Amino acid sequence: MRKSIFTLILLALVSFVSAQSLQFEWNGTVYNSGDAVECDNDEFGYGEYIQHMQIRNLTSGDLNVIVEKEVMEDLEGVMNFFCWGSCFSPDVFVSPRPVTVEANSVSSEEALSFHALFDENVYGYLVMRYYIYDEANPDDRVNIIVKFHKSGEGVGENTRPMTMSKAYPNPASSLVHFDYSFDGNLKAVVYNLLGQEVLRQDLNANDGQMTLSVADLQEGIYFCTMMVNGRAYATEKFVVKK
């Protein structure tokens with residue numbers, strides 16, 4: 001009798017595990033629900049830490065997958081957002097539309113990514129949890145924890161003056177300004193939320209006020225990065241609103 005009960009429990013557990021419809025993976029590594037990964041990948045060199053991930057559909061039918069985020073440990077001066085098919089603003093916690101992952105397939109490498117944008121002088125950990133589930137079955141969900149980490153090691157070794165003010169006015173409709181002081185060959189590069197370059201401007205002086213025309217940009221969130229001798233040194237966010 002005890003053996004029969006044990007067998008039934010074991011079968012129930014196996015059935016529960018096999019019922020999982022989705023899993024996280026990246027570069028051949030499979031992550032179990034609840035696993036944690038540390039992200040110290042400053043991909044573009046201006047404080048944006050990105051954890052790429054893929055989603056595998058373990059079922060024999062197509063699934064319309066939703067991504068949801070949860071802040072576990074916040075850090076002042078860090079903005080987080082995620083991309084799932086499209087990139088969404090930081091105030092979006094649940095993807096507003098699903099992305100279809102075909103049966104027994106994995107999502108593309110470009111579809112899913114988790115982002116943390118650190119202010120210039122902010123260091124430490126931002127800890128996020130991300131959930132994925134089929135739109136038709138939200139109870140069958142798995143999650144992964146991402147610990148975004150910006151280290152303060154080496155801070156103060158570079159004596160080059162580097163200052164960049166917040167954007168003003170913000171929001172902006174036609175012109176946006178920044179005060180700055182840098183030493184070197186300077187360019188200002190503006191990116192949208194998808195990480196696409198939308199504007200570039202050379203600067204002839206090492207300090208002063210920089211003015212960018214944003215009249216031709218669509219409404220939304222943008223990031224202005226100061227490039228010094230080809231390297232990104234500071235980034236500030238601004239909003240375009242017509």
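Treat the numbers as computed from the prediction; the structure is a model and nothing was measured.
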Minimum heavy-atom distance [X]-[Y], with the two atoms named:
{"X": "F81", "Y": "E48", "value": "CZ-OE2, 3.5 Å"}
{"X": "F118", "Y": "L75", "value": "CE2-CD2, 3.8 Å"}
{"X": "S33", "Y": "N143", "value": "OG-N, 3.1 Å"}
{"X": "V176", "Y": "P169", "value": "CG2-O, 3.8 Å"}
{"X": "L175", "Y": "S213", "value": "CD2-CA, 3.8 Å"}
{"X": "V239", "Y": "N170", "value": "N-OD1, 2.9 Å"}

inquiry  = Pair E38, K147 - check salt bridge (Lys or Arg N to Asp or Glu O under 4.0 Å), show working.
reply    = CA-CA 5 Å; E38 183 163 326; K147 299 178 179 180; over 6 Å; no
Do [X] and [Y] have side chains that approach each other closer than 4.5 Å (heavy atoms only, starting at C-beta)?
{"X": "V189", "Y": "L199", "answer": "no"}
{"X": "V214", "Y": "Y222", "answer": "no"}
{"X": "L186", "Y": "N206", "answer": "yes"}
{"X": "P90", "Y": "I221", "answer": "yes"}
{"X": "F223", "Y": "E236", "answer": "no"}
{"X": "S107", "Y": "W84", "answer": "yes"}
{"X": "Y191", "Y": "V198", "answer": "no"}
{"X": "V67", "Y": "L112", "answer": "yes"}

Side chain of [X], backbone of [Y]: donor and acceptor closer than 3.5 Å?
{"X": "D40", "Y": "H149", "answer": "no"}
{"X": "N41", "Y": "Y49", "answer": "no"}
{"X": "N57", "Y": "S105", "answer": "no"}
{"X": "N80", "Y": "L117", "answer": "no"}
{"X": "N192", "Y": "G195", "answer": "yes"}
{"X": "D179", "Y": "S165", "answer": "no"}
{"X": "Q201", "Y": "T211", "answer": "yes"}

task = Mind running side-chain contact (heavy atoms from CB on, under 4.5 Å) on H177 and M210 for me, showing each step along the way?
result = CA-CA 6 Å; H177 310 285; M210 169 178 61; over 6 Å; no
Are [Y] and [X] co-members of a hydrophobic cluster defined by side-chain heavy atoms under 4.5 Å apart?
{"X": "M164", "Y": "V228", "answer": "yes"}
{"X": "V78", "Y": "V92", "answer": "yes"}
{"X": "Y168", "Y": "L212", "answer": "no"}
{"X": "L58", "Y": "V101", "answer": "no"}
{"X": "V37", "Y": "V127", "answer": "no"}

ask   = In terms of the angle between their ring planes, are Y130 and F114 parallel, tilted or perpendicular, with boundaries placed at 30° and 60°?
value =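 Answer is parallel, since the angle falls under 30°.
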task = List the steps, then state whether side-chain contact (heavy atoms from CB on, under 4.5 Å) holds for F24 with Q54.
result = CA-CA 6 Å; F24 287 103; Q54 290 176 281; over 6 Å; no
ask   = Between E68 and R141, is there a salt bridge with N-O shorter than 4.0 Å?
value =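 Salt bridge: yes.
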ask   = Should E219 and K242 count as an ion pair when the cut-off is N to O under 4.0 Å?
value =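 Salt bridge: no.
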ask   = Testing Q23, R129, M53 for side chain to side chain contact (heavy atoms under 4.5 Å, CB included) with I144, which one passes?
value =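 With I144 as partner, side chain to side chain contact (heavy atoms under 4.5 Å, CB included) holds for just one option, M53.
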ask   = Which residue, V142, V65, V106, forms the side chain to side chain contact (heavy atoms under 4.5 Å, CB included) with I55?
value =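 With I55 as partner, V142, V65, V106 yield a single side chain to side chain contact (heavy atoms under 4.5 Å, CB included), made by V65.
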message = Does the structure place the NZ or CZ of K69 under 6.0 Å from the centre of the six-membered ring of F93, at an angle of no more than 45° from the ring's axis?
response =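 Pair K69/F93 counts as cation-pi.
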ask   = Should the pair K150 and Y123 be classed as cation-pi, given the thresholds of under 6.0 Å to the six-membered ring centre and 45° from the axis?
value =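 Because its charged atom sits under 6.0 Å from the ring centre and within 45° of the axis, K150 does stack over Y123.
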inquiry  = Test of understanding: with disulfide (SG to SG under 2.5 Å), list the residues that count as partners of C39, not counting sequence neighbours.
reply    =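 Disulfide (SG to SG under 2.5 Å) check on C39 returns nothing, list empty.
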Do the side-chain N and O atoms of [X] and [Y] include a donor-acceptor pair separated by under 3.5 angstrom?
{"X": "E70", "Y": "Y131", "value": "yes"}
{"X": "Q209", "Y": "Y180", "value": "no"}
{"X": "S113", "Y": "H52", "value": "no"}
{"X": "D139", "Y": "Y133", "value": "no"}
{"X": "S21", "Y": "T59", "value": "no"}

inquiry  = Walk me through whether I66 and V94 qualify under side-chain contact (heavy atoms from CB on, under 4.5 Å).
reply    = CA-CA 7 Å; I66 296 289; V94 181; 3.7 Å; yes
inquiry  = If you count every heavy atom of other residues, nucleotides or ligands that lies below 6.0 Å from E197 atom CD, does the total exceed 12?
reply    =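 Check passes, neighbour count above 12.
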key: Ring center gap for F82 and F88 short of 6.0 angstrom   =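 They qualify: ring centres under 6.0 Å apart.
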key: Pairs touching residues 87-110 that satisfy salt bridge (Lys or Arg N to Asp or Glu O under 4.0 Å), sequence neighbours left out   =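 Matches after skipping sequence neighbours: none remain.
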